[in-house]
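These notes are about the structure you will find just below.
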Amino acid sequence: DELASQQQETHKDVRVVQQDMKQARLELMQLLSGMDRCEVRLEDSAAVQSYTARGVKLLAKCVASIMPGNERIGHELERFQRDDYPLLDNTTANHPHG
């Protein structure tokens, strides 16, 4: 009797663990699916960002070609085209006119 009771209790525990594992597997699959969607969106965003950056560089070249005589702006456009322009230049961000 006692052995049968222990076996039945063990069987119940195994079934609970089995259900928990199934639930965990489903949650992991959902997580993986979400991560896959995020990866695709990041790749799409990178492509758009690259396209935009090329367009901005082209625009900077066009502006530089039609801006004679303004050395400061010409120098900044040249730095931007070479990719050595800082993300945030405090001197121009806070005081855009000098």
Side-chain angles (χ1 to χ4, degrees):
D1 255 355
E2 188 173 326
L3 182 59
S5 175
Q6 287 178 349
Q7 284 180 335
Q8 193 172 17
E9 189 65 33
T10 300
H11 182 70
K12 285 180 187 177
D13 291 344
V14 167
R15 292 186 67 102
V16 167
V17 170
Q18 185 181 27
Q19 289 300 318
D20 289 348
M21 293 293 289
K22 284 181 182 179
Q23 184 64 33
R25 181 180 292 124
L26 287 174
E27 290 173 8
L28 284 172
M29 289 173 64
Q30 290 172 344
L31 181 61
L32 179 60
S33 176
M35 290 176 71
D36 287 343
R37 287 190 307 271
C38 288
E39 185 177 5
V40 167
R41 287 182 182 156
L42 284 172
E43 289 170 356
D44 291 346
S45 294
V48 168
Q49 190 275 336
S50 177
Y51 178 78
T52 302
R54 288 193 317 268
V56 169
K57 281 193 168 204
L58 178 61
L59 181 60
K61 286 179 182 180
C62 291
V63 170
S65 72
I66 62 172
M67 292 284 299
N70 191 332
E71 288 184 36
R72 186 178 71 81
I73 291 177
H75 178 67
E76 287 185 33
L77 287 170
E78 184 180 308
R79 285 177 54 205
F80 180 79
Q81 291 173 39
R82 289 191 319 254
D83 275 339
D84 64 352
Y85 206 85
L87 291 177
L88 180 61
D89 184 350
N90 289 329
T91 58
T92 57
N94 294 330
H95 307 287
H97 299 293

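Not measured: the values here are computed from a predicted model. Index from 1, following the sequence.
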Open item on the list: Consider side-chain contact (heavy atoms from CB on, under 4.5 Å). Of Glu9, Gln8, Arg15, which one does His11 pass it with?
Closed with: Arg15

- [ ] Ignoring hydrogens and angles, tell me if any N or O in the side chain of Ser50 forms a donor-acceptor pair with the backbone of Ala46 under 3.5 Å.
- [x] no

Task: Point-to-point distance, once rounded to the nearest 0.5 Å, from CG of Leu3 to OG1 of Thr10 - done: 9.0 Å

TODO: For the residue pair Arg37 and Ser33, confirm or rule out a side-chain donor-acceptor distance under 3.5 Å.
DONE: yes

Open item on the list: Less than 3.5 Å apart, any donor N or O on the side chain of Gln19 or Gln23 sitting next to an acceptor on the other?
Closed with: no

Open item on the list: Return the CD to CZ distance between Gln49 and Arg54, rounded to the nearest 0.5 Å.
Closed with: 10.0 Å

Task: Sub-4.5 Å side-chain heavy-atom contact between Val40 and Asp36 - done: no

Task: Pairwise side-chain contact, Met21 with Arg25, heavy-atom cut-off 4.5 Å (strictly under) - done: no

Open item on the list: For a side chain to side chain contact (heavy atoms under 4.5 Å, CB included) check, start with the C-alpha distance between Leu59 and Val63, then their side-chain angles and the critical distance, and finish with the verdict.
Closed with: CA-CA 6 Å; Leu59 181 60; Val63 170; 4.3 Å; yes

- [ ] State whether the number of non-hydrogen atoms from other residues, nucleotides or ligands found under 6.0 Å of Gln18 atom CD is greater than 12.
- [x] yes

- [ ] State the CG-CE distance between Leu42 and Met35, to the nearest 0.5 angstrom.
- [x] 10.5 Å

Open item on the list: Less than 4.5 Å apart, side chain to side chain, heavy atoms only: is that true for Asp44 and Val48?
Closed with: no

